[in-house]
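Keep in mind that this is a model prediction, so the values were computed, not measured.
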Amino acid sequence: MTTFNTKRDDDRLLDAVVAGLARDEFQYDAPLSKLSRWRIGGAADLVVTPASRDALARTLRAAARSGLPHVVIGDGSNLLFDDAGFRGVVVQIGRALGGVSFGSDGEVTVGAGHWVPHFVHATINQGLAGAIHAIGIPGTVGGLVAMNGGSQRKGIGEHLIAAEVIDFDGNVRWLQQEELDFSYRHSRLQDGALVLVSARFRFEPGDARALRREAVEIMRSRRAKFPKVRANCGSVFVSDPRLYSLIGPPGLAIERAGLKGLAAGDAQISPEHANFIVNNGQARSVDVLALIAAARRRVFELTGVAMLAEVRHLSPVGQLRPAHELADQFGPLPLENGND
């Protein structure tokens, strides 16, 4: 009788994914907590950080053909990794796939791995206005575009001209803005079928000195409002016009619901800003999910609005979904009424 050894077979598949890569481009049994702004998560079987476009294309093809669960991430600033880790391949778009270049008429091309604050500073130094609202977002341009991220209820997608993307067969093409289905904190790239390689934007002329002053003011305001030092992923819940009309932004709604400072294990709804959940030391993913569920439930009871999480949870088997979809594990909302 032949026994099928799953672990040994998976090891061979993992080895095939990294074949041809430099040794510093991958790590087996990698702690996801080191890739997470929350500092939460178990180990991934394999993390690959390609050092070139060719390495990225080869890795995506190999990961898809392996049959193993696989996911592509940036800086992990909007992700909640599971305590049980991830039984598959994480492809991280790092700084090697960054870089910024400037063209005529306010055009800027930037690599997906470029850090957002550096990108915004580069546009300011060129006297270009339009990206400044993203100055304090601690992530990569790839994540910023995929989430149509920004602040002050703005999204970076409004300035995007086209996106260079790659699929899991290694094919590269450009998509125009209208093909990316941008809406508030959403884009077509969130379905995971395409990976951003670079993005081309057009910004309007501005005064560099005035923009620098505005950037300083934005960062001063963020430092005054947002949690200091303790690990967090930024805003947990997406702003909702219905909630704004009733109370205001999610943080204010959570505070009005009496949950500011609520803790579950070492996770806590920040005493400084209630739309942040902080890790006070040894928080687990299950603690964060419990707080997300509690905030949704109490705000729903107060307003009738079911808040949607901006944060995405990665399960051990590769399911990537908005964290609020796991809330039923901790008790469903009283009535959903189609709000989800």
Side-chain angles (χ1 to χ4, degrees), residues 2-98 111-113 115 138-140 142-143 146 166-170 192-197 231 233 279 281-286 288 311-321 323:
T2 301
T3 301
F4 182 72
N5 190 322
T6 304
K7 183 63 173 71
R8 288 184 59 190
D9 190 67
D10 282 356
D11 285 347
R12 287 193 292 270
L13 293 172
L14 292 170
D15 290 343
V17 172
V18 300
L21 295 178
R23 186 62 190 86
D24 60 357
E25 290 181 277
F26 62 90
Q27 180 182 357
Y28 294 108
D29 197 27
L32 290 170
S33 59
K34 292 187 177 181
L35 304 182
S36 165
R37 293 278 173 179
W38 253 320
R39 299 293 181 259
I40 292 172
D45 288 345
L46 176 66
V47 172
V48 181
T49 307
S52 67
R53 288 173 172 233
D54 287 345
L56 173 62
R58 204 215 65 77
T59 300
L60 294 179
R61 284 195 301 268
R65 292 171 184 175
S66 74
L68 296 170
H70 48 275
V71 64
V72 180
I73 70 169
D75 267 9
S77 58
N78 213 37
L79 294 175
L80 177 61
F81 295 120
D82 199 271
D83 302 315
F86 177 55
R87 304 280 67 81
V89 180
V90 176
V91 181
Q92 184 179 36
I93 308 296
R95 300 295 183 265
L97 297 174
W115 198 43
T140 59
I166 186 170
D167 63 25
F168 281 83
D169 289 322
L194 298 171
V195 177
L196 188 79
V197 177
C233 79
N279 180 355
Q282 301 297 322
R284 303 168 300 157
S285 63
V286 68
V288 173
V311 175
R312 292 175 173 258
H313 173 265
L314 179 65
S315 77
V317 296
Q319 187 175 18
L320 187 62
R321 53 182 170 166

**side-chain contact (heavy atoms from CB on, under 4.5 Å) between Thr49 and Phe26, intermediate numbers included** = CA-CA 6 Å; Thr49 307; Phe26 62 90; over 6 Å; no
**Message:** Is there a side-chain contact between Thr140 and Arg95 in this structure, where contact means two heavy atoms from C-beta onward sitting under 4.5 Å apart?
**Reply:** yes
**Residues forming a ring-ring contact (aromatic ring centres under 6.0 Å, His included) with His313, sequence neighbours excluded** = none
**Prompt:** Looking just at side-chain N and O atoms, do Asp83 and Ser285 make a donor-acceptor pair shorter than 3.5 Å?
**Reply:** yes
**Request:** List the steps, then state whether side-chain contact (heavy atoms from CB on, under 4.5 Å) holds for Phe86 with Asp45.
**Result:** CA-CA 7 Å; Phe86 177 55; Asp45 288 345; over 6 Å; no
**Asked** Could you give the distance from OG (Ser52) to CG (Leu97), rounded to the nearest 0.5 Å?
**Response** 7.5 Å
**Message:** Please check this pair: side chain of Glu25 against backbone of Ala51, looking for a donor-acceptor N/O pair closer than 3.5 Å.
**Reply:** yes
**Complete:** Per side chain to side chain contact (heavy atoms under 4.5 Å, CB included), Leu46 is matched among Asp15, Val91, Val89 by Val89
**Prompt:** Taking atom CD of Gln282 and atom CD1 of Ile40, what is their separation to the nearest 0.5 Å?
**Reply:** 10.0 Å
**Request:** Give the minimum heavy-atom separation between Phe168 and Ala193, together with the two atoms involved.
**Result:** CD1-O, 3.8 Å
**Item:** side-chain contact (heavy atoms from CB on, under 4.5 Å) assessment of Ile166 paired with Leu194
**Value:** CA-CA 6 Å; Ile166 186 170; Leu194 298 171; over 6 Å; no
**Request:** State which residues pass side chain to side chain donor-acceptor pair (under 3.5 Å) with Arg37; sequence neighbours excluded, sorted by chain then number.
**Result:** Asp75
**Prompt:** What distance separates Cys233 SG from Leu79 CG, expressed to the nearest 0.5 Å?
**Reply:** 9.0 Å
**Stepwise side-chain contact (heavy atoms from CB on, under 4.5 Å) test for Tyr28 and Val47** = CA-CA 7 Å; Tyr28 294 108; Val47 172; over 6 Å; no
**Request:** Calculate, to the nearest 0.5 Å, the distance between atoms CZ and CG belonging to Arg312 and Leu320 respectively.
**Result:** 6.0 Å
**Complete:** Heavy-atom nearest pair, Ala96 first then Pro50, reads CB-O, 4.2 Å
**Asked** Below 4.5 Å, heavy atoms only, C-beta onward: do Leu314 and Leu80 meet side chain to side chain?
**Response** no
**Prompt:** How far apart are the closest heavy atoms of Arg39 and Lys34, and which atoms are they?
**Reply:** NH1-O, 4.2 Å
**Request:** To the nearest 0.5 Å, tell me how far Arg87 CZ sits from Asp82 CG.
**Result:** 10.0 Å
**Message:** For a 4.5 angstrom cut-off between non-hydrogen side-chain atoms, does Val71 reach Pro69?
**Reply:** no
**Request:** Please name the pair of heavy atoms, one in Ser77 and one in Gly139, separated by the smallest distance, quoted to 0.1 Å.
**Result:** OG-CA, 3.8 Å
**Request:** Could you tell me whether the side chain of Ser36 and the main chain of Leu32 form a donor-acceptor pair under 3.5 Å?
**Result:** no
**Fill in**
On a heavy-atom basis, the closest approach of Val197 and Arg53 is CG1-CZ, 3.4 Å
**Asked** Once you round to the nearest 0.5 Å, how far does CG of Leu60 lie from CZ of Arg65?
**Response** 11.0 Å
